[in-house]
Amino acid sequence: VTGPCCPCPSPRPHPSLPAGKGSRECSGPTRVQGLCSADASGNSSSEDSPSVFTFLSFAPRNPMKWLDPQTFYFNFDNLQYAYGRYHCYLCFQVEREVNGSLVHVDMGVFVNQSADDNCHVELCFLSWFYAWLSPDERYHVTWFMSWSPCSQCAQQVAEFLKKHSNVNLSIFAARLYHFKDPEIQQGLRTLKRTGVQVAIMYFSDFLYCWNNFVRHGGMRFIPWKGINKNYWILVTTLEEILW
DNA sequence: ATTTTCAACT
Ligand SMILES: [Zn+2]
């Protein structure tokens with residue numbers, strides 16, 4: 001019943017994460033893999049130990065290669081009142097430095113699977129990336145997200161980057177997730193302070209995603225009404241959050 | 001103009 005990569009015979013709930021669902025934060029896994037021998041001594045760490053990589057509790061999952069055009073248009077629409085966007089999509093690009101220039105490594109798309117393990121896309125990426133990244137390479141990672149990160153994921157990403165100084169991250173968000181929430185705002189500031197480029201997706205970013213992550217079958221990208229006006233509203237909001 | 005949002009519900 002356990003995943004293939006869990007050496008533990010009987011997974012038990014993560015000690016520091018609530019079992020309940022429904023939070024807008026990434027409320028943690030419903031099953032635990034990895035971390036099995038780490039805390040077997042009964043030495044329960046304090047409640048919100050920031051040094052714990054909770055993404056390690058999620059089994060690595062492979063990304064998708066492509067988005068369908070209608071999925072992209074619906075989920076990356078940067079409209080102000082984004083009703084019904086109940087999922088988050090993350091298009092990523094990983095490059096590495098070779099003699100001072102960037103070489104393509106991989107790209108793909110993650111979407112959270114709430115029915116599966118409730119893993120937010122940010123942690124899906126970290127779980128997947130952590131499984132194969134080399135400490136001897138310098139990586140440049142770019143995220144194009146339909147929603148900006150929640151506060152808990154922001155903390156996790158910041159911790160990850162502090163412990164992996166060979167990884168550089170840029171985040172471009174189509175929309176700002178719960179931007180009036182002080183904890184969300186703090187999470188975005190934490191990312192910036194950690195060296196992450198945090199920005200709003202512009203026309204050229206949408207076009208780039210269309211060309212590289214959408215199964216467009218030769219169709220041209222047709223921008224939606226208000227794409228630029230919405231961008232400027234979001235940029236203003238983000239600048240106020242980041243100071 | 002609205003006040004949504006990495007669901008939850010059948
Ligand atoms: Zn999250």
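Here is how names work: the chains are called A, B, and so on, in the same order as the sequence lines, proteins then strands, and each is numbered from 1. Just so it is clear, the structure is predicted and the values come from calculations on it, not from any experiment.
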In whole Å, what is the span from the [atom1] atom of [X] to the [atom2] atom of [N]?
| X | N | atom1 | atom2 | answer |
| --- | --- | --- | --- | --- |
| A/F55 | B/dC6 | CZ | C1' | 18 Å |
| A/M64 | B/dC6 | CE | C1' | 13 Å |
| A/H120 | B/dA7 | NE2 | C1' | 11 Å |
| A/D117 | B/dA7 | CG | P | 11 Å |
| A/N78 | B/dT5 | CG | P | 17 Å |
| A/H87 | B/dA7 | NE2 | P | 6 Å |
| A/F58 | B/dC6 | CZ | P | 15 Å |

Legend entry - B/dT5 base stacked by A/H178 (centroids within less than 5.5 Å, tilt under 30°): yes
Hey, is the main chain of [Y] close enough, under 3.5 Å, to the side chain of [X] for a donor-acceptor pair?
| X | Y | value |
| --- | --- | --- |
| A/Q156 | A/T54 | yes |
| A/T190 | A/Q155 | no |
| A/N78 | A/I227 | yes |

Inset, instruction - Could you check if a side-chain atom of A/I171 sits within less than 4.5 angstrom of a side-chain atom of A/L169, using non-hydrogen atoms only? - result: yes
Legend entry - B/dC6 versus B/dT2 - spacing of their C1' atoms, nearest Å: 23 Å
Legend entry - Same-atom distance (P) from B/dT3 to B/dA7, integer angstrom: 23 Å
Inset, instruction - Using only side-chain N and O atoms of A/N118, determine if any of them is under 4.0 Å from OP1 or OP2 of B/dA7. - result: yes
All N/O contacts under 3.5 Å from nucleotides 1-4 of chain B to the protein, with atom names and distances to one decimal?
| unit_1 | atom_1 | unit_2 | atom_2 | d |
| --- | --- | --- | --- | --- |
| B/dT3 | N3 | A/Y81 | OH | 3.0 |
| B/dT4 | O2 | A/A82 | N | 3.0 |
| B/dT4 | N3 | A/Q80 | O | 3.2 |

Inset, instruction - Establish, yes or no, whether the cationic atom of A/R85 lies under 6.0 Å from the six-membered ring centre of A/F74 and within 45° of the ring axis. - result: yes
Inset, instruction - Say whether A/Y130 and A/W132 are linked into one hydrophobic cluster, either directly or through other cluster members, by side-chain heavy-atom distances under 4.5 angstrom. - result: yes
Legend entry - Check: A/F92 ring centroid to A/W128 ring centroid under 6.0 Å: yes
